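Letters A, B, ... mirror the listed sequences (proteins, then strands); counts begin at 1. Small disclaimer: the values here were computed from a predicted structure and weren't measured.
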Number of protein chains: 2
Amino acid sequence: MTMSNGAGGRRRPPTIHDVAREAGVSRGTVSRVLNGGHYVSPAAAEAVNAAIRKTGYVVNRHARSLITGRSDSVGFLLTEPQERFFEDPNFNVLLSGCTQALAAHDIPLLLMLAGTKDERRRITRYITAGHVDGVLLVSSHSGDPVAEELREAGVPLVQCGKPMGLRSKVSYVAADDRDGARDMVRHLLSLGRRRIGMVSGPLDTPGGVDRLAGYKEVLTEAGVEIDERLVVSGDYSRASGEAGAERLLAQAPDLDALFVASDLMARGALTALHRAGRRVPEDVSVGGFDDSVAATEAVPALTTIRQPYDRVSAEMVRVLLAQIGGEDPAAVILPTELVKRDST
Amino acid sequence: MTMSNGAGGRRRPPTIHDVAREAGVSRGTVSRVLNGGHYVSPAAAEAVNAAIRKTGYVVNRHARSLITGRSDSVGFLLTEPQERFFEDPNFNVLLSGCTQALAAHDIPLLLMLAGTKDERRRITRYITAGHVDGVLLVSSHSGDPVAEELREAGVPLVQCGKPMGLRSKVSYVAADDRDGARDMVRHLLSLGRRRIGMVSGPLDTPGGVDRLAGYKEVLTEAGVEIDERLVVSGDYSRASGEAGAERLLAQAPDLDALFVASDLMARGALTALHRAGRRVPEDVSVGGFDDSVAATEAVPALTTIRQPYDRVSAEMVRVLLAQIGGEDPAAVILPTELVKRDST
DNA sequence: CTGGTGTCTGTGAGCGTTCACAGTAGAGAA
DNA sequence: TTCTCTACTGTGAACGCTCACAGACACCAG
């Protein structure tokens, strides 16, 4: 019954020409229906739609791209080493959110993993060749030059997280790091903690800097003296959280709380505290940041600052598409929220 | 000094025509150089390559695809619910491996997440429209009809893990589940354990079935009676591992070992054992499966069966490209390896 | 010298779409 | 009526590439 195409082979798909013939109109009219339907009579539009359904027509994106110059696809560029991609579920959440937001616009997402310098160069060339209309960039060490490079090449770009230099205007979407950190430290203070240690993020990134700034501000406001022995920095990896907590325990054994700048690092810190025989939350309260899967999986479950990742990815896509459409770069800052669990 | 294209705008990139003019040859010759360089004189080839370097020419893939009918891109299709994608690092490893293997062939990877039925339908239509040359399919519940559907549409396809039905020939790459399970159970027996429980994978998948089969075989061979109270099944999620272990502890409190069919489930099992006051590995030895990041992060670190994910992804890409090139579907089974850590 | 063979090269056509333009028909205004 | 305006439609020309073909040239055998 079905006109199956022979084993394995694909039949030639119908073209806009076939649809036009079927509907009794011209290619131009079909094209107009396909692209918004302006200046098309209702009768013609109906005939074309019927013909599309009947023939099973799907637009050939290559032919379209050839003439429009757009690829109607965007790249998701992750400039992180493999191990970070493997261990941090935040990337999956962002990836999934962006894919879905793009799907609503019928735009495919090309995954670009640039862990090494070679890959970075290859991918940069691919992008600047115009194979994608824009790029969603995820990179924690925002010092990397790839954003600048792409901007200079005129590629629409949205970064996840605040970029470091402000040399050229680049769009970004970020959570309110400073405010989130303030909430967490206030929460720890409200529990009666005064010797609050911090494992910050990398200090060559605004995210790392801002969370640390929030921490110091609130302590100062509360009249608690800043003790530099209570502050170390990590790189968001689990291992660096563990090492950081260990160092803090050595430098300041009397600490009674720990604010760790990511959930993954916080899990590392839990391991270190456990090994040192400190009970959480009885002896030490621990607060994380992100509210990723890692927070609920931790034992005890982590009190943390929720970053609205679903909104982050949606906004990234929105801003990118706007920029592809010709609008100016934009910055979006989203509010965070304190989520209380068992670790405080 | 550099002829920068004005703010934000992209200049029209050089075409094959520009290269031909620059090199003093025809379009045809340039095209031949681009596609393997057969039937081209060394002098012409050198001139063309110099012209390409000078002009910064990059092929326009849309124009090429329009005439060749190939898209020179492949899709990575994940038919799993979001939560699974968020919690299981195995997906990241596969994704990364495939992306890199494809990059070596200059083929971009389109990420397709089909967690819901709607998404699945949309994506199937996209694929069958010929927008990708082939599909790398990752799906744990291999009962889902998407593989069949795509095969029937003549789309080259490689599945990760053995597919359930054998209705039509579909390529797949899988680890040797049965053999891996046998190794683990033998290892547990060698430690003197006799009451070995198992949390299997879903039994509507060959992976789940085969690991359970290996478990039973080895026990029988060793003269240990199979006790059905010692077997439950999960769905590879962490939560199901925790629930499974809890059920086993209730049904067979005397168990002295646990073989859990994935590392993630094994971590769940560790939580349940901890809560029940059983020490690992003193009271209960625990073995996982996969050797994912989850295994080393677990406390204690998990003894597990290593699946060679790097080779899996490389083979998936190899088989898919071969199939796109016209070869017949193929099945690849890769060996596993026992990795001893602290949990046994 | 003729004819074949093999290597290399240029040329026109065409892939399936969009876009600019020209053209038609009908309505309303002068 | 005639002219203008608007709504709609069809047509040729691109977009940048590959492919098939034909032609040129060199070489060798007969």
**Q.** Sequence-distant partners of B/R21, side-chain contact (heavy atoms from CB on, under 4.5 Å), two or more places apart
**A.** B/D18
Q: Report the residues that fulfil ring pair (Phe, Tyr, Trp, His ring centres under 6.0 Å) with B/Y126, sequence neighbours left out, ordered by chain and then residue number.
A: B/H131
Q: Mind calculating the distance between CZ (A/R64) and C1' (D/dA14) to the nearest angstrom?
A: 17 Å
Q. Looking at residues at least two apart in the chain, or sitting in another chain, which of them share a side-chain contact (heavy atoms from CB on, under 4.5 Å) with A/S26?
A. A/T29
Q: Keeping to residues at least two apart or across chains, list the side chain to side chain donor-acceptor pair (under 3.5 Å) pairs with something in residues 54-65 of chain A.
A: A/E22-A/K54
Q: State whether a side-chain donor-acceptor pair under 3.5 Å links A/Q323 with A/S171.
A: yes
For residues 311-318 of chain B, which side-chain donor-acceptor pairs fall under 3.5 Å, sequence neighbours excluded?
from: B/S313; atom 1: OG; to: B/Y309; atom 2: O; distance (Å): 3.0
from: B/S313; atom 1: OG; to: B/D310; atom 2: O; distance (Å): 3.0
from: B/E315; atom 1: OE1; to: B/R318; atom 2: NE; distance (Å): 3.3
from: B/E315; atom 1: OE1; to: B/R318; atom 2: NH2; distance (Å): 2.8
from: B/E315; atom 1: OE2; to: B/R318; atom 2: NE; distance (Å): 3.3

Q) When you list every nucleotide of DNA chain C with an atom under 4.0 Å from a heavy atom of chain A, which one comes first 5' to 3', and which comes last? A) C/dG16 to C/dT18
(Q) Only Watson-Crick and G-U wobble pairs with both distances less than 3.5 Å should count. Give DNA chain D in dot-bracket notation, marking inter-strand partners with |. (A) ||||||||||||||||||||||||||||||
Q: Under 4.0 Å from any atom of DNA chain D, heavy atoms only: list the residues of residues 38-63 of chain A that qualify, in numerical order.
A: A/Y39, A/V40, A/S41, A/A44
Q. Name the one of A/V158, A/V146, A/L150 that satisfies side-chain contact (heavy atoms from CB on, under 4.5 Å) with A/L137?
A. A/V146
Between the protein and nucleotides 10-13 of chain D, are there any N/O to N/O pairs under 3.5 Å, and if so, what are the atom names and distances?
from: D/dG10; atom 1: OP2; to: A/S26; atom 2: N; distance (Å): 2.8
from: D/dG10; atom 1: OP2; to: A/S26; atom 2: OG; distance (Å): 2.9
from: D/dG10; atom 1: OP2; to: A/T29; atom 2: OG1; distance (Å): 2.9
from: D/dG10; atom 1: N7; to: A/R32; atom 2: NH2; distance (Å): 3.1
from: D/dG10; atom 1: O6; to: A/R32; atom 2: NH1; distance (Å): 3.3
from: D/dG12; atom 1: O6; to: A/R27; atom 2: NH2; distance (Å): 2.5
from: D/dA13; atom 1: N6; to: A/R27; atom 2: NH2; distance (Å): 3.0

Q: Please name all residues satisfying salt bridge (Lys or Arg N to Asp or Glu O under 4.0 Å) with A/R125, sequence neighbours left out, ordered by chain then number.
A: none
Give every donor-acceptor pair under 3.5 Å between a side-chain atom in residues 41-53 of chain B and any protein atom, sequence neighbours left out.
from: B/S41; atom 1: OG; to: B/A44; atom 2: N; distance (Å): 3.2
from: B/E46; atom 1: OE2; to: B/R53; atom 2: NH2; distance (Å): 3.4
from: B/N49; atom 1: ND2; to: B/A45; atom 2: O; distance (Å): 3.2

Donor-acceptor pairs under 3.5 angstrom involving side-chain atoms of residues 94-111 of chain A: please list them, not counting sequence neighbours.
from: A/S96; atom 1: OG; to: B/Q82; atom 2: NE2; distance (Å): 3.3
from: A/T99; atom 1: OG1; to: A/L95; atom 2: O; distance (Å): 2.6

Q: Report yes if the side chains of B/F85 and B/L78 come closer than 4.5 Å at any heavy-atom pair, otherwise no.
A: yes
